[in-house]
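The structure under discussion appears below in the form of structure tokens.
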Amino acid sequence: MKVGFFVGCNTAFNRPDLEQAVRFALPALGVELDDLEGQSCCPTWGTLPSIDLVGWCALGARNFALAEEKGLDMVTVCGSCYGSLAESKHKMLHDPELKAGVNAMLKEIGREFKGTSNIRQAVNFLYKEAGPEKIGAALRYRLDGLTVAVQPGCHSLWPSEVYVDPEEDSFHPAVLREMCAALGASAPYYSRLTDCCGMGGMRSTDMERSFKLVLTKLASIKEEIDPDLIVTGCSSCLIQLDTAQAFLQKDRLIDYEIPVLHYMQLLALCLGADPQQITGLAKTNVSRVVNRIRGDENE
Amino acid sequence: MKMSEWTPNIVVFACNWCTYQGADLAGSLRYEYPPSINIIRVPCSGAIEPEYIVSALKNGADGVLVGGCHPGDCHYKEGNHKAVRRFNLLKRVLTGMGVEAARVRLEWISGSEGRRFAEVMTEFDRAIKEIGPNPIGRDGNA
Amino acid sequence: MPRIGVYICHCGENIAGAVNIEAVREYAGTLPGVAVAKDYLFMCSDPGQELIRQDIKDGLVDRVVVAACTPRTHEPIFRKAVEDGGLNKYLFEMANIRDQDSWAHWNEKDGATEKAKRLIASAVAKAGLLEPLQDRFVEVTKSALVIGAGVSGMFAALDLANMGYKVHLVEKEPSVGGNMAKLDKTFPTNDCSACILTPVMVQVGTHPNIELLTYAEVASVEGSIGNFKVDVVKKQTYIDWDKCTGCGDCVNACPAKAPNEFNEGMDNRKAVYIQFPQAVPKKAVLDLDHCINCGKRSIGTQPRTHSVTGEPILAPCEKACKTGACDRSVAYDPAGERVTLQVGTIIAAAGFKAMDKAPFKEYSPQSPNVITSMQLERILSATGPTEGEFKRPSDGKKPATVAFISCVGSRDKSHHSYCSKVCCMYMLKEARLIKEKYPATNVYLFYIDVRTAGKDFEEYYNYCRDLGIKVIRGRAGAVDELAGDRLRVRAYDVDMCAPVELESDLVVLATAIEPAPGLPEMGRKLGINCGGEGFLKELHTKLYPVETSVKGIYVAGCAQGPKDIPESVSQARAASSSAAVPLTLGKVVVEPFSSAVDREKCSGCGICVPLCPYSAISREEVDGKLRARIDEALCAGCGVCAAACPSLAITLHGFTEAQIQAQINALTIGAGGGKVV
Amino acid sequence: MSNAIAEPQVIDLSLGELDLVDEIKELGGEELLECIQCAKCAAVCPMALAGFPFFNKRVIQAILIGSRETLLDDSSIWACQSCNRCTEICPRQVRPFEIILAMRRVAVREFALPTLTTDGLKSLFDVGHAVYLKEAGKSRKKVGLPEKPPSTLAHPQALRELQAIMRKTALAELGIIPMGEAEVAGSCEV
Amino acid sequence: MLKLAYLLAGGCGGCDMAVVDLSETLVDVLPQLEVVFWAPTVADVKYKDLEAMPDQSVDVGLVSGMVRLSEQEHMTRVMRQKCKVLVAYGACAALGGIPGMANLHTKEEIFQTAYFDTFSTDNPDGVTPQTKCLVDGKYELTLPEFYGRVRPLHQVVDVDYFIGGCPPHHSFVGQAIVAILEGKLPPPGSWITGGKAVCDVCSRNPGQQGGERELITSVKRTVDGAPEEGKCLLQEGYICLGAVTQGDCGALCPKVNIPCRGCGGPIPGVKDFGLRAVSAIASSLADEELVDQIPSPVKLFYRYALPASMLGKKVK
């Protein structure tokens, strides 16, 4: 099968290693990627959605139109992209007037939004289209004995009505945990699993307050699970959890560091990708976990 | 007549057990809707003869609405089933005779749907204003 | 030429505040046929009615139009005035210029005034064509049906039975008692529910005038006030109740288990079971869905014979039964038994259901320690799964901290937008019961608003707060599971302006009161609408709170909307009084708005025959020709036949074709429609 | 309990700008008046948990009493994470997040928006990405990717399409994006 | 001697044939009749002859056909002036008839089809009927004006009696003439008919067979197989208008498996034939979906009665 890869901003510029992980893992599982040339920002919440409802939807609709023209669904590893695109599509499909307004704008650039393509969140997409079993069978390395804490990310959960893969109980998400289990890891429940990481508008507005949320979350993870690794389903959560720990350590609010990877990075690793290419930009020390997974620990 | 001076004349045939009650409820809850709405009380939407609707149109009413009980809720078991069949067949005849489909409407409004009554009437009045005055009776049609 | 009197009501300010009465009265005076046009502050008052009576007596008018409120409430009052004045009471018509005019167009005074003129013109046009009609009377069957044997249904049944009327009391469960039988104590007096309810259940079970039909459901209702024909299906019990003594031996012997509905699924009952120990009637029921057919003894088969002893191989239940009530060789009809009842009036008291916790995912319903209030009632009840011991479901430990969450499913547009009315009080009651028994328990109540309107309720609230129950204003937003089967409640304390968290051993969801399953369907069988909220709709919220849109059918208890026990009982007794009136009178007036065939015009085509929902139309031969005939006693006056008659041979009295046509003309041509201005 | 607001200010209700309600409804917060201030949204709002003075419930109440300046003087509305948990749990289907978005739209129209937001918008217009690091080419190359992602960045015609759309939005009216030829920004991280 | 005038207005002449069909009956009544005018089919009298007669000098006037042309309107008015009793004779005069279906189109549309669009039309100069035209540059001819709509007789002049049928059944024509001769006439404005539906005389009426009518469970067209012998056509799903139509014909069509199409006109008192049919037929459908299966409802229900209907013609 073939899908459009919606890269987004954070992945492309902040964590291209994650982009590389996607470009490795999906084809390895038989999913062909299309680049959707000319795609843009989703646009993210703090920009057009906060200024102009129609403008927000128009930019989202342009991205959808690129996929529709090729008859493809889109896959993203970023929660914000997923949320913004899914929500704008939902709005346009439920408000004919809005859709007409958007299409009037798109007409001038020779495009049209029909609503025939979906935006899919990469982990849920793989869960549904490949399934844990097939993924488990394709692995070169397994995570047996590894304990991970999952962070699905708010944008794959709420509001559940706008998403195309809503089979999850959004208050007790299980997909990411199951997908980690498929790699051989143990991914136990912890009580602040659905809590927000504090990235996004909050981090831009007030970094200190944003870190307060990370701290509460990390404490719950450390105390209840004490994992080897945190696995996120969202690139924003990845950036927040990966970078915030150094600040918190500096302020002596924590005295530990838990490595953080996006699920697609972990998957690419298990499928045999070059660790440097797919995890090389992590700020937390992921190499120990990486070596352990690849059995390179003694090298 | 200038369009700006024109306010529609709308005749509503309301079933005593639901839409008529719904209209009462709309009033007692003070939901507003345009005063162009004129209700004729009938015991059941199944008692409405096609002639009533056409005669209202022929007399120059700009819109006619039939209000009955929701399917399954008819006070007389199945009067509204008869009403919908007649209405749909009549509508086919009327559109065949060149009457705008939007001039006649059938709505199920229960006695507890005061708000909906007001909303439907407001919307119908707006829709009628959009299509303009009823030409029947104004151009020597009959 | 008729002489029509038009009487315009100000309704205080209600009409006069939006409608220019003077202009309307002047206009009414110019309408064809109008002899008198008057207005008065309150037409329905005695001086107002006197205006009408006097004008009739003075010979000034012979038709009356009152322009006032809605005929749904005031038509009978004015008809009486017309009759007292000496006219046939059906020579009267109302123009609804309040509910359907002034109230709805309060901010458009000119529009409201013009509309009042049109509505009066329409009423006058119809009035000119009114004909005198005679009321009909039908004999009343002196018995009643009460549907539902909860506290409302039982009181309604007892009242009617005590007046000397035969009452059929139909209950879908095996025992009477309803939801109240599940409760531990009841506010505001904290009486033990069983102590006050069981004597009533016994009375109901033994009253000579009450025929109890438990484990039964209403299948269909036909007829009208005075003479309803009701089909009731007695569901199959697979136990011969004539022989069953309720000893419970079969229950003890049965090895098959099923979730116990009476204990809200918190423990198991047997496949053969007695609903609860105080059940009335105390009879066993076999639940075939959970029966495992021990000894291959499926229902309706002969037992195999033991190869050695030659004895028949019986199932444990029938072996245990000493009276032969449990006999699996009987070929019971799974459809049960159909009984037909003839009754004069019906009271619908079908009760409610407390919502389940499953839909509220944000509150971790998968945790056994997140329970509904109804489940807590069972835990607190001496007849419940813990025999009244306060234990949490996961491990039987006594909770040290309990959190209650209010409005779960109530005031919630995704579930029920109404307030369930009783939750605030039952939460306080449950909190109080816990606190009184175990004062060391920490009890927190998370509220949106505390609503304790009711006699002695605020005192109850104050008492609870004195006990140290903590009330947090702020609806809980999440319940997280913690290690050790504990839970974390997350809320925002509005008074502290801060998010709060509470670790708790037990979380109680005050789930909404919702219509009992199947209530809308029952409403349809009875011909009563359910309101938007799904409860049976009363005729008028204030003036006719127990009547319904179907004459002779009344409503009581939570079938009409959420209410507590005092209110349910009050309404039940009000419904029984209302339902007794036709029974006492022995005959009821049937409005003469029925359809009649003019045989001179009838062509005998028979189109009308299959259209009548009451099978009131037949054809008979008149001078060698087929002509339709309408049985007036069966006709309900819907007018379907009249509207369909190809020969216009059928007249619906009260709403004749000519009358309606006159109204149409008044509203259109009369109002300037169709003219090029 | 340290984050409870300790120093409340007296609010003169008679100074409330009541037309704010209509403005919010107009700009996408249609369900505003359904709110009964039950506080369920606040119970799980990241902003409330992180200690921001205004968050869903309080933003709505401030709008309802017409306290426009309070909201404009404070940056809280821009800290909303768009997590939409409030949308999911609101028993009144108010969609509190949409109300915050609508309030942001009000703020933007009064030019009460943070610099970072303006930068993000400019960057979105200039390169098609709200988040853009000029130095990213290097790290992309480091992990074996082309310097530019296959987006508007690598496709000038696509960028012109995007800019054509953006010129039709309120951005242009408000003068946030240049009307003439674009000047490519340096980097922007929102 | 009864003076009789007969005018064929906008009709096909079929009604005239029905009179002739009376055969022997006609012979019986002829000695009592003096036909003063019968244009254009039977007697050689000119319009001016009728115009010259004193007003109210003719006892009975029959007009068959509808009014579409100014000529027809003029002659109809002359008939009214000269006749004491004026009868709208046959479906066209009484209801507008088959030609009345032209009221679904404008005059312009009709001309477009008749003078331009049809396959066999050769009209290079684009000529359409004019009220005046000059022939050979010297003879001015006048033609009647073609009106915008078809009207039944009563929409032009006061009509005393109506007789339906397309054509009226001859036995019934006889009855009517006898009634006129004997002066046993109902009040003016009435139909001189039995006033009962086709079902009343139809042997297929389920009631006639000891059964009872049931709701209609399917809708069929006459090409869809043959109805069961003796069974009610409507019951079988063939949209028969017998219940709505006057049955002075004796249910001739249903007898030979043809559903009644309504030529007998509505039962007296019915304002609008088609709407009565809509109400009766729609009410009788067992299933809501069947409504949409009824083919061309306007033409089906208004085959003979469109100009006499409440709307009368297609609304612009």
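Just the heavy atoms: all of them, side chains too, but no hydrogens, waters or symmetry mates, feed the values below. A quick note: this is a predicted structure, and the numbers were derived from the prediction, not measured.
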Close contacts, residues 458-481 of chain C versus chain D, judged by heavy atoms under 4.5 Å: G474(C), R475(C), A476(C), G477(C), A478(C)
Test side-chain hydrogen bond (donor to acceptor under 3.5 Å, both in side chains) applied to N529(C) - qualifying residues, sequence neighbours left out: none
Pair D74(D)-S76(D), side-chain donor/acceptor within less than 3.5 Å: yes
Side chain, backbone, both or neither of Q61(D) within contact of chain C (heavy atoms, under 4.5 Å): neither
Side-chain donor-acceptor pair present, H129(D), S151(D), cut-off under 3.5 Å: yes
Proximal component of E88(D), with respect to chain C [non-hydrogen, under 4.5 Å]: neither
Check: Y447(C) ring centre within less than 6.0 Å of F404(C) ring centre: no
Part of residues 350-363 of chain C lying next to chain D, heavy-atom separation under 4.5 Å: E362(C), Y363(C)
Where at least one partner belongs to residues 85-104 of chain D, residue pairs that pass ring pair (Phe, Tyr, Trp, His ring centres under 6.0 Å), sequence neighbours excluded: W45(A)-F97(D)
CG on L20(D) to OG on S67(D), rounded to 0.5 Å: 9.0 Å
Any donor-acceptor pair under 3.5 Å from E430(C) side chain to M427(C) backbone: no
Test item: S367(C) side-chain N/O and S364(C) main-chain N/O as donor-acceptor pair under 3.5 Å: no
Ring-ring centroid check F457(C) F187(C), cutoff 6.0 Å: yes
Top of A43(D), C38(D), P91(D) for chain C proximity - count of heavy-atom pairs under 4.5 angstrom: P91(D)
Side-chain (T401(C)) to main-chain (D505(C)) donor-acceptor, under 3.5 angstrom: no
Donor on one side chain, acceptor on other, Q93(D) and S414(C), under 3.5 Å: yes
